[in-house]
Amino acid sequence: MIPFIRHTGKAAAFIRENIDTDLIIPKQFLTTILRSGLGRHLFHDLRYREDGSEDPAFVLNREPGRSATLLLGGANFGCGSSREHAPWALMDFGFRAVLAPSFADIFRTNAFKNGLLPAVVEPEALEALAAAPGAITVDLEALTLAQDGRTYPFACEPWGRSALLEGLDEIEATLRRLPAIEAFEARRRTESAWL
Amino acid sequence: MKTLYDKLWESHVVEELGDGTALLYIDRHLVHEVTSPQAFEGLRMAGRAVRRPGAALAVADHNVPTRQRASGIAGIQDPTSRLQVETLEANMAACPIPYIPLLDPRQGIVHIIGPEQGFTLPGSTVVCGDSHTSTHGAFGALAFGIGTSEVEHVLATQTLVQKRARNFRIRVDGALPRGTGAKDLILRIIGDIGMAGGTGFALEFAGEAVRGLGMEGRMTLCNMAIEAGARTGLVAPDATTFAYLAGRPMAPSGALWEEALRAWRALPSDPGAAFDREHRVDVSRLEPQVTWGTSPEQVAAITDRAPRPEEAATEEKGRRAESALAYMGIRPGQALQELAVDVVFIGSCTNGRLSDLREAAQVLRGRRAAPGVQVLVVPGSGLVKAQAEAEGLDRVFREAGCEWREPGCSMCLAMNDDRLLPGQRCASTSNRNFEGRQGRLGRTHLVSPAMAAAAAVRGRLADVREFL
Ligand code: SF4
């Protein structure tokens, strides 16, 4: 996984509650067997019109949205299905972090596993960030967002934060605990043999 | 004093990792075609093997056609869908994970075949790359949906790094009135606590109304826990649970069954166990429910009207109601029973089991679907289909003008060719009414199977109590 320590970028504001994974990446793109290439389908139904042309009214079809690396979203961001295609699509588009007041559980985990930072930001701070034009610097060590000389705090799950900071390969880390897994399995074989 | 969730969690901790997280052992892993290809690819690239193939069970369900099944995978029209199902088959050929092929009579939706096969057991951990894995919590299993990276993690290590959830008990008192069932109950609960109300919690459904439900109704309940934001829904195992499981192909038998029963009986929450949150519902006056918006929490009784956004409790709620009504093509204050439907979908892992089909057939028996309404009945598995046919339900549906299809997810998510056209209105027994869920610009009203059948007959959203 690509580590995330500090990042500066432009923001796209799409602040609305309950942005679900069907909206982030509709099902017709889930038939892929790859992780890459989903960026152009991100928010497909909002981004493109019926005839396939871009809808200029949508934030990702205008600057700075087009070249944004930070997405400002609403509460309960990423609710709905478990599709990891949602963070894949966000990252493939170029996003490194989503800033929102809250996240759905599965989406948040999926984001962490891919190096996409789900940063929990107070709604007032989010509004202020969206209103100002400047680039935002996200500092995961300090848990701060800086823009045009102003700083705002954000929150992040401790385990996800350390995984992002280290760019951890979690499977590798777990495999180092193999003796504990084997001991657990041995115990289960006698105590709950039906499993 | 522990809750059911506490017991399930603690009995699966391999190692505490700090910050409320632990390495959790995974007993059961359901695999399907959409969320697994990248995981197997990841394993191959890292040169890792599947640690315990026997702990998994795989099936294709999301992408599969519900018509003309005879030619199997080759008959899948869309080339990318076909490739995805072929990829699952190739991955299964390369490792000894038990696999139910497309043409096997047991094929069906993962969350239906797990319980059917006795693969889902009380006291176990069950995961699947699908958010509706919460369904299996109906057995008193710790079951939750995971993403593809986690699928890969489970395949490689048989464990997952998880954060412990908090305990949330939903007590349901009273008896469900005529014309209502588990689907109406869970829609009402989601309406009450909101679609993020359960975030960070494991929901335990308790109380007399839940005890009174059969396993299929309990599965409907837990299935939609995720629609309230909770990864996990739970019902304590009891005699109903054990009776359902006895004799299932993958359930224990003989002395092992007796041993398992002893362990399962100790699972329910201790009488004085503390919950971080509680919510009480009295269902004795529950009415059949129907969603009017684009989120499952936007729900009302069938006798009700669509809301007026300006009367919403908060400004944000009003804004969301306004945009939902616009998307749904509903006027503020419009009576819900005025809404004419184009399509009725009966199926999915929420309501694609035998009791659901029986419930729908009861309304459709001797009646006909209204002219111009397309009615799709999609059994949740091959075994459900066979049993329904043995009971003659397929005839009831056919005579009523419905299409009797092959098992799969179908129009629940419309990844195959069963989908709504822009602007079409659908009464659906599935679980999500998000924008575009059943097809771009399609309009979904979530209802129970009986309510779906009533809508089919009337050609509009209708109160099923008038048909009983
Ligand atoms: S029936 Fe619908 S909700 Fe259930 S697994 Fe299939 S797509 Fe998901």
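Atoms considered below: every heavy atom in the structure, side chains included; atoms not considered: hydrogens, waters and symmetry mates. Bear in mind that the values here come from a model prediction, so they are computed numbers and not experimental data. Sequence lines set the chain letters: A, B, ... in the order given, protein chains first and strands last, and positions in each chain run from 1.
A donor-acceptor pair under 3.5 Å links the side-chain atoms of A:Glu84 to the main chain of B:Ser149, judged by distance alone. A side-chain donor-acceptor contact under 3.5 Å links A:Asp105 to the backbone of B:Gly200.
Counting heavy atoms from C-beta on, the side chains of A:Arg177 and B:Leu17 come closer than 4.5 Å. For the pair A:Ile33 and B:Glu41, the minimum side-chain heavy-atom distance is 4.5 Å or more. Side-chain atoms of B:Thr157 and A:Ile171, non-hydrogen and from C-beta on, do get closer than 4.5 Å to each other. Contact check for A:Leu195 versus B:Arg28: side-chain heavy atoms found under the 4.5 Å cut-off. Put simply, the side chain of B:Glu150 does not reach to within 4.5 Å of the side chain of A:Ser82, judged on heavy atoms. Considering only heavy atoms from C-beta on, A:Ile181 comes within 4.5 Å of B:Leu23 through its side chain.
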In sequence, state the C-alpha distance, the side-chain angles, and the governing distance for B:Thr159 and A:Phe184, and then conclude on side chain to side chain contact (heavy atoms under 4.5 Å, CB included).
CA-CA 11 Å; B:Thr159 64; A:Phe184 184 93; over 6 Å; no
Steps toward salt bridge (Lys or Arg N to Asp or Glu O under 4.0 Å) verdict (A:Glu17, B:Lys317):
CA-CA 9 Å; A:Glu17 269 186 48; B:Lys317 273 210 163 98; over 6 Å; no
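Of residues 4-12 of chain A, no residue lies under 4.5 Å from chain B by any heavy-atom pair. Heavy-atom neighbours of chain B within the stretch residues 144-166 of chain A, taken at a separation under 4.5 angstrom, comprise A:Glu157, A:Pro158, A:Trp159. Scanning residues 432-441 of chain B against chain A with a 4.5 Å non-hydrogen threshold yields B:Arg432, B:Phe434, B:Glu435, B:Gly436, B:Arg437, B:Gln438, B:Gly439, B:Arg440, B:Leu441, sorted by number. Against chain B, the residues from residues 112-134 of chain A that qualify, each with a non-hydrogen atom under 4.5 angstrom away, are A:Lys113, A:Asn114 in number order.
Counting heavy-atom pairs closer than 4.5 Å to chain B, the top-ranked of the candidates A:Glu50, A:Arg16, A:Gln28 is A:Glu50. For chain B, the option among A:Asp169, A:Asn76, A:Thr21 with the highest count of heavy-atom pairs below 4.5 Å is A:Asn76. Interface check for chain A: of the options B:Thr148, B:Leu256, B:Val161, the most heavy-atom pairs under 4.5 Å are formed by B:Thr148. Highest contact tally toward chain A, considering only B:Met250, B:Arg82, B:Arg51, B:Gln162, is held by B:Arg51 [criterion: heavy-atom pairs under 4.5 Å]. Between chain A and the options B:Arg231, B:Gln158, B:Arg48, heavy-atom pairs under 4.5 Å are most frequent for B:Arg48. Contact count against chain A (heavy-atom pairs under 4.5 Å) is highest for B:Glu316 among B:Glu316, B:Arg419, B:His132, B:Arg319. Listed options A:Leu30, A:Asn110, A:Thr109 were ranked by heavy-atom pairs under 4.5 angstrom with chain B; first place goes to A:Leu30. Counting heavy-atom pairs closer than 4.5 Å to chain B, the top-ranked of the candidates A:Ala173, A:Gly80, A:Pro87, A:Ser192 is A:Gly80. Taking A:Leu34, A:Leu175, A:Leu178 one by one and counting their heavy-atom pairs under 4.5 Å with chain B, the maximum is reached by A:Leu34.
Looking at B:His12, both its backbone and its side chain come within 4.5 Å of chain A, counting heavy atoms on both sides. If you measure heavy-atom distances from B:Pro422 to chain A, the contacts under 4.5 Å come from the side chain alone. Heavy-atom distances place the side chain of A:Glu185, and not its backbone, under 4.5 Å from chain B. Of the atoms belonging to A:Thr32, heavy atoms from both backbone and side chain fall under 4.5 Å from chain B. A:Phe107 does not touch chain B: none of its heavy atoms, backbone or side chain, sits under 4.5 Å away. When heavy atoms are compared at a cutoff of 4.5 Å, B:Val85 does not approach chain A at all. For a residue to count as touching a neighbouring chain, one of its non-hydrogen atoms must lie under 4.5 Å from one of that chain's; by this rule B:Ser81 touches chain A with backbone and side chain alike. Contact of B:Ile226 with chain A is made through the side chain alone, with heavy-atom distances under 4.5 Å. Using a 4.5 Å cut-off between heavy atoms, B:Ala55 makes no contact with chain A at all. Looking at A:Arg188, only its side chain comes within 4.5 Å of chain B, counting heavy atoms on both sides.
Checked for salt-bridge contact, B:Asp78 and A:Lys27 miss the test: no charged N lies under 4.0 Å from a carboxylate O.
Heavy-atom contacts from other residues, nucleotides or ligands closer than 6.0 Å to CD of A:Glu63 number more than 12.
Counting all heavy atoms, side chain and backbone alike, A:Thr190 lies closest to B:Glu259 at O-OE2, 4.3 Å.
Between atom OG1 of residue B:Thr294 and atom CG of residue A:Leu23 there is a gap of 9.5 Å, rounded to the nearest 0.5 Å. For the atom pair B:Gln38 CD and A:His85 NE2, the distance stands at 5.0 Å (nearest 0.5 Å). Put simply, CZ on A:Phe29 and OG1 on B:Thr80 are 10.0 Å apart, with the number rounded to the nearest 0.5 Å. Rounding to the nearest 0.5 Å gives a distance of 13.5 Å between OG of B:Ser253 and CH2 of A:Trp194.
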